[in-house]
Structures are given as C-alpha cells and as structure tokens.
Protein chains: 4
Amino acid sequence: MFKDQLASRIRLSKHRLEALADGVFAIAVTLIVLEIKVPELTRGASLAEVGHALRPMVPSLFAFFVTFLICGTFWFLHQMSLHWIAHVDRALIFINIGFLMFVSLMPFSTSMFARFMGHSTGLMFYFGNAAALGLFLNLHWWHAQRVGLLNSEHENGIERRLYSQRIMTVFWAFVFAFVLAPFSPQACGFVAMIFIFAQKVREKRILKAAAANA
Amino acid sequence: MFKDQLASRIRLSKHRLEALADGVFAIAVTLIVLEIKVPELTRGASLAEVGHALRPMVPSLFAFFVTFLICGTFWFLHQMSLHWIAHVDRALIFINIGFLMFVSLMPFSTSMFARFMGHSTGLMFYFGNAAALGLFLNLHWWHAQRVGLLNSEHENGIERRLYSQRIMTVFWAFVFAFVLAPFSPQACGFVAMIFIFAQKVREKRILKAAAANA
Amino acid sequence: MFKDQLASRIRLSKHRLEALADGVFAIAVTLIVLEIKVPELTRGASLAEVGHALRPMVPSLFAFFVTFLICGTFWFLHQMSLHWIAHVDRALIFINIGFLMFVSLMPFSTSMFARFMGHSTGLMFYFGNAAALGLFLNLHWWHAQRVGLLNSEHENGIERRLYSQRIMTVFWAFVFAFVLAPFSPQACGFVAMIFIFAQKVREKRILKAAAANA
Amino acid sequence: MFKDQLASRIRLSKHRLEALADGVFAIAVTLIVLEIKVPELTRGASLAEVGHALRPMVPSLFAFFVTFLICGTFWFLHQMSLHWIAHVDRALIFINIGFLMFVSLMPFSTSMFARFMGHSTGLMFYFGNAAALGLFLNLHWWHAQRVGLLNSEHENGIERRLYSQRIMTVFWAFVFAFVLAPFSPQACGFVAMIFIFAQKVREKRILKAAAANA
C-alpha cells in the first residue's frame, strides 16, 4: 500500500542523497560548537583567569569531541553502505531522511549530554539518539539488500556479511549503553566501546580464516 | 521582455542548482532543531524532572518531526523533477531560488506552528508556506515542460502525466489545509493527508490500467 | 612576488570551488531568516493579534526577500563565469574566497538594512556589500580572461563581451546606489534597478544586430 | 590493532570526503559573521552614530577577515592534498574528521581572538587552533604518502617535496606564533607571516634551480 508505483519506475541516482547527507552531517557537527561560549572577561584577562572561566565549558568541549567521533563514525558507515549501493528507491530515501532527522537531533542530544554530564538523564538522550542512528543505518542496509539495490559485485561477498555484523553491533552497543545508563552512568559508555572493539576482533578473525581457506 | 537573451545562448548544467538546493534543504531542516532548548536544571536532575521540564518542548519536537517529513517529501519531489530535466535555463534557476526562499522560511513557519500548536494562526503560516513550496514546484515543472528542458526519453511518458498530477495534488492539499485552518484547526492537517493518499490510489489505478493495455 | 609557483604547476578542478561557493550561498541565505522572530503571544492569539505582533517583522521579511533575489542573482552570475572557466588557479581561488567573504557578510548587511529600513545608514551597508560582491565578480572574470582560464570555445564569443558588460553594469549599479544612499534613500534602490534594466535592453539590441549581420 | 581490515578491502572514493570538508568549511566561515551584531539604535540614526556604535565590532570584523583568509588557505592546501590523493582509506577519513573538528572550532577561537584582541589569551587559542589544523594537514599528507594513496604520476615529483615543505612550514609558523603569544602578543602574528613568506622564497629558488637543471 505504501509502495510508490510511480517513483519505482525510475532509477534515482544516489548522488543527491549523498549530498543531502553530507550537508546535514556538516551542519550538525558545526552547530555543536555554538554551545561553547566565550567567557565574559575584561580584555586583559590572564590565561589563568580565562582558564578558570572556561572550566564550566569542559563538559561541552568533551561532548563536542565525543560527538564528532560518533558522528564521524556514522558518516563513515553511511558512506560504506552507499559505496555498495548502486541506486536508490523512494523507501531508501525516506529511511535516509529518518536517519538524517536523528543526525540533526545530535546537537540537542549533545547539549543534553553536556548539561547533565555524568548523570543518567543526559546519557539516556545521547545513547538513545545514537541507537536511533544505528537503527536507521540497519534499516537502510537491510532494505537495500532485500530490494536488490546493491551493485552486483558485492552480492555475495564476505564484506557484506561482515558489514551487516558491524552495523548490527553498533546498534546493540548503543541500545545497551542506553539501557545501562540509569544503573551505571559511569560504565555505560565504556560498555559500548567494548562491544565495538569485540566486533573488530571478530572481523579480524573471520577475515584471517577466510584468507586461510582461499 | 524578461527573457535573458544572453543566458539563453548557453546550456547551464543542473549540477550546481542541485547543490544549492541540497545545501538549503540540509541547513533549513537542521536549523529547526535549534528551537528545542535544553532545560535549565541541576546536573543531577532525575529523568522525571527532565521529562517534566521538557514537556513544553513537545510541540517543538512534534513540529520538527512533521517538518522533516514535509521537507523530505518536497526534496524528493524536487529530485524527481530534476531527474527528468536535462538542462536548466535562467527562468528555471530563478523559479528554484523562489522555491528555496520558501524552504529557508520553513524554520520560521515551523516555529510559528509549534508556538501556536493546535490554533489556526500557526497552521495558516505553516500550510501557507507548504502551499507556496507546492506552487513553485508546479511552476518549475510547468516551465521545464513548456520550454523543452526535459530529456527526450521522458517526453511522452505516463510518468510525466502522473508526476504532474501528483505535484498538483500536493499543492491543492496544502492550499485546502490553509483555507480550512481558521475553521477547523484539528482537521485541516488530516484533510491534506487524505488528498495525498487519494492521489496515490489514483496513480496506482492508472498504472494498473496502463499495464493491462500494454 | 605573490605568484604561487608550486600551485601553478597543477591544474586544480573547479568542482570544489563550486561546492564551497554553493555551501556559503546556501548558508548565508538561510541564516537571514533567523532574524525573523516568532512573536511572544499566548497560544490562542487571533490572526489579527499575530499580524499586529508581526508588523515590526515586515522590514526583516522585505529585506529577506530582496536579499534572496540579490544573492540569487550573484550566484547565477558566478555560475555563468564558471560555466566558461575551464580550470582554476590559486589567484582565482583567493578571489573567490574574497567574494565568499562578502556573501557571508550579507546576513549582517541585511540586518543593518532591515534595522535602518528607509534610512541611509542601512542602505549604505547593504549596497556597499553588494558593490563589493560586484567588484570581486569582475576581478574574478578579469583574472580568468587575462590568465587564459576560459575554455577555448568561448575565447572570442559575443557572449564573453556581453557578460563582461553585464557584470560591470551590476558593479556600477550598486556603487551608484551606495553613493546616492545618503542623498536619496528612497530612490537609490530604483536607480540600481534602472541601470540593470538598461543593460538588458542594450544586450538585446547587440544580440539582434549580431543576428542580423550573421 | 586499530587497522580496519574490512574497510581496507574496499576503495572508497574521495568525493564524499571533499563534500563533507567543503560543507564544514562553508558553515564555519559563515557562522563567524553571527558574532557581529547590529547596533541597537533608532531607525533614523546618522552614519556617525552607527559608526560609533559599531566601533566595538571592529575586532570582530578584523577577526572575521583574518579567519576567512586562514580558513581559505587551509581549504586551499587541503584541496591540493586531495588533488594528488587518488583514493582514501579509513585512517585518512578519520584524520580528516580530526581536521574538520578544528575547522568547526574556528568560530569559537575567532570569538576568543576578537574578545581578547591584542592580548595573549585570545592569540593562544587562535594560533593553537591554527597549529592543530596544520598538524592534521601534515598527518593527512604523511599518511597518504606512507600508505600509497597518491596517484602514480605524482609519486616522485618535485611538487610533492615542495608541498610537504610548505605544509610543514605552515604548521611550525602557527606553533611558533602560539609559543610566542604570551611573550609578544604584538609580534607573534607577524612572525607566522614571515615563516610563510620565507617558505615561498625557498620554493621559488628550488623551482628555479630545478628548471635550470632540466
């Protein structure tokens, strides 16, 4: 019922979808820095005074740094997906728009994270947002596989299986961090990192085994 | 008299027009989120307190979500137009600039919509803006057809007729919602959705009939 | 002395210069709308009350509209230049960066224009900014011609001569409006429009004469 | 251990990396202008009054101008790197994301520079940020050379050696300005300029010698 019969008769290029995504990512990560305010001090303030006045900005700076890495990672994974996707359909475009909706929510979630640094509330917003990004990335990939939007060389590769594993792991890592946040605000971020690191080890092992078999 | 004799002697590529449009869309949808403010609470505030403090933000979040969908739809329709347009002339560029003017007004209209949620004033601004987007999209397509900017394969297709119907329906749906807003603020959004859904059914029927004839 | 011996040994593509320009234009025109604030009224405010509260916004809305047209025109002229330019060198890139500097000043000049609507101060900032854009556009074109960056088909065309005339006229139109602003704030904008219109008539006449000769 | 075995099996295009960079640069330089506020005066204020009210904005305008030049230079150098780089790997992407992190910090550093104009504190932030940009640019180039991402024509060129020298000089110029800022806030900027100028002279001499030998 929701199928777009008209749009499905044309083969849209992936170029503009990439351009929109690059634009939203670029703006979202740059807006985060607007959170960090210049302290109200006299012009001749010493470095120590400025340092002291900037101290309340440390959570914002840390959040800025973490968000840049997370957004960078999602941008990289999104690029990997589209590297293998040959053309796009309407459903893929709207899954992307959902994905970009949560990218553009990141400045807000980052502010929540910085505002309630070290407490569960900010962490739940932050990891909830990251988990939503992971969810849309998986939907995106799952749809592209199911409908046959991938380029033909990639159809049976080991890369496809590993990439599916990887983005599934990223999703579960952030879901787990989200669920853990109210119980252990200190540990939840590290747990997400362990998930992702374990996946890396697994990928390495599988690729080594595949090389040995070949 | 308004014809640009000089510009009409060169064939401008559509690439930069797409790039400008993607940029304006990316920025407009990302700016909307700046409306949503982080609550002023102590760092250790409980989730319940934060939830309570965020309650006034619900209209903004809802408006953010709706606007993302509407802008996403207009971006998608704009992309469909340009999929079929082979090259651009000056008039098309300025129709696009008019279109983008209303895209970049969307953050303001979204704020009006969120500020006066459920009341006619905000809805009239919002649907008025959406109707203006629909109007420019139709002008854009109408001009491209009239002047012969479409690529040749598309010149007589059924897709062309259905796409013309679709963007006309989108336009009238928002005009109708705009006119209805003062009388029935609750219903006007749904009416627009019914218009668009009815068009979908009609497209499906026509495509089925065309397939049966072929 | 200022020549970049190293950079002049490579042929940079014009693609990224276009991408940067499209980005700056897209952001500058979208930021202007941030000036227009949602009125602070109760949710159930009538349309008349909202209309009244929005009245102080009328200069901003008018300035937004005018700026969109002026920026759109400069974007279009910049695109025409680059249509004919085959590749770029370092000087062209830095002339472009100067051009983009004044594009990104447009939101500020637009605010000045809206703030002091109808008075000379705002108009001088506004037309001064537009004149600076015109100056850089001419520098850009003049440099491209002098150094031989144009593609070969265009080297002797009538289009080249007319385009040179046109951007020179745009520059002088805004210089004249700038100079006239303190003496006649009401008329200066119209004078700029007359300049540009006269150029259009001249272009038409020259093209007709050329067609008659051929 | 940090190697991405999966990503290293695919050849990512450099196009999206360029698009993200162009977006971040475009936004960062345009956001700087938001610092410059329209003075709160009556509509009929004279040019002298407006000029007086804008006087506190002079540092911001100066900082805007300098930042545009510095960002433009880094954008140009980044473009030169990518002109020679044929394809990208994951490490290059994350070095780029680090680079872009400091690009998007520039609006903040520019505000610090403008706020504490002429004093060591603002200068240290500003030149520190510029030095970080230089560092990432060198990492980027060094990684591309080491892993073999350059296109083959460029593998042994004199351009490669000179470009390596140039970006190293830019890095040290800003490091030196950063270190000098607490001791001589007046001179540190000029010292950076002398470094860069000396490099230009050196490049010229080497290219002349190379031309004489050939």
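Every chain is numbered from 1, with letters handed out A, B, ... down the list of sequences.
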Gap separating the [atom1] atom of [X] from the [atom2] atom of [Y], nearest 0.5 angstrom:
X: B:L69; Y: A:F94; atom1: CG; atom2: CZ; answer: 7.0 Å
X: A:F116; Y: B:E49; atom1: CZ; atom2: CD; answer: 9.0 Å
X: B:D22; Y: A:L20; atom1: CG; atom2: CG; answer: 6.0 Å
X: B:Q79; Y: A:I93; atom1: CD; atom2: CD1; answer: 4.5 Å
X: B:I27; Y: A:S104; atom1: CD1; atom2: OG; answer: 12.5 Å

Legend entry - Close contacts, residues 58-67 of chain A versus chain B, judged by heavy atoms under 4.5 Å: A:P59
Part of [X] within contact of chain B (heavy atom distance under 4.5 Å):
X: A:I97; answer: both
X: A:M124; answer: side chain
X: A:S120; answer: neither

Taking atom [atom1] as the centre, does [X] end up with more than 12 heavy-atom neighbours from other residues, nucleotides or ligands that are less than 6.0 angstrom away?
X: B:H52; atom1: NE2; answer: no
X: B:F176; atom1: CZ; answer: no
X: B:M168; atom1: CE; answer: no

Legend entry - Steps toward side chain to side chain contact (heavy atoms under 4.5 Å, CB included) verdict (B:V50, A:M112): CA-CA 10 Å; B:V50 173; A:M112 290 295 287; 3.7 Å; yes
Legend entry - Identified side chain to side chain contact (heavy atoms under 4.5 Å, CB included) partner of B:T30 from the options A:L105, A:T30, A:L31: A:L31
Inset, instruction - Would you please classify the geometry between the B:H15 ring and the A:H15 ring as parallel, tilted or perpendicular, with 30° and 60° separating the classes? - result: tilted
Inset, instruction - Would you mind telling me which of B:L162, B:V29, B:I32, B:I36 has the largest number of heavy-atom pairs within less than 4.5 Å of chain A? - result: B:I36
Let me know if [X] has heavy atoms under 4.5 Å from chain A in its side chain, its backbone, both or neither.
X: B:L82; value: side chain
X: B:K37; value: backbone
X: B:L54; value: side chain

Legend entry - Taking every non-hydrogen atom, the tightest pair across B:A26 and A:G23: CB-C, 3.7 Å
Legend entry - Heavy-atom pair of closest approach, residues A:R90 and B:F76: CG-CZ, 3.1 Å
Inset, instruction - Determine the option with the most heavy-atom pairs under 4.5 angstrom with chain B, choosing from A:L100, A:L34, A:N96. - result: A:L100
Legend entry - Between B:H78 and A:R16: side-chain donor-acceptor atoms closer than 3.5 Å: yes
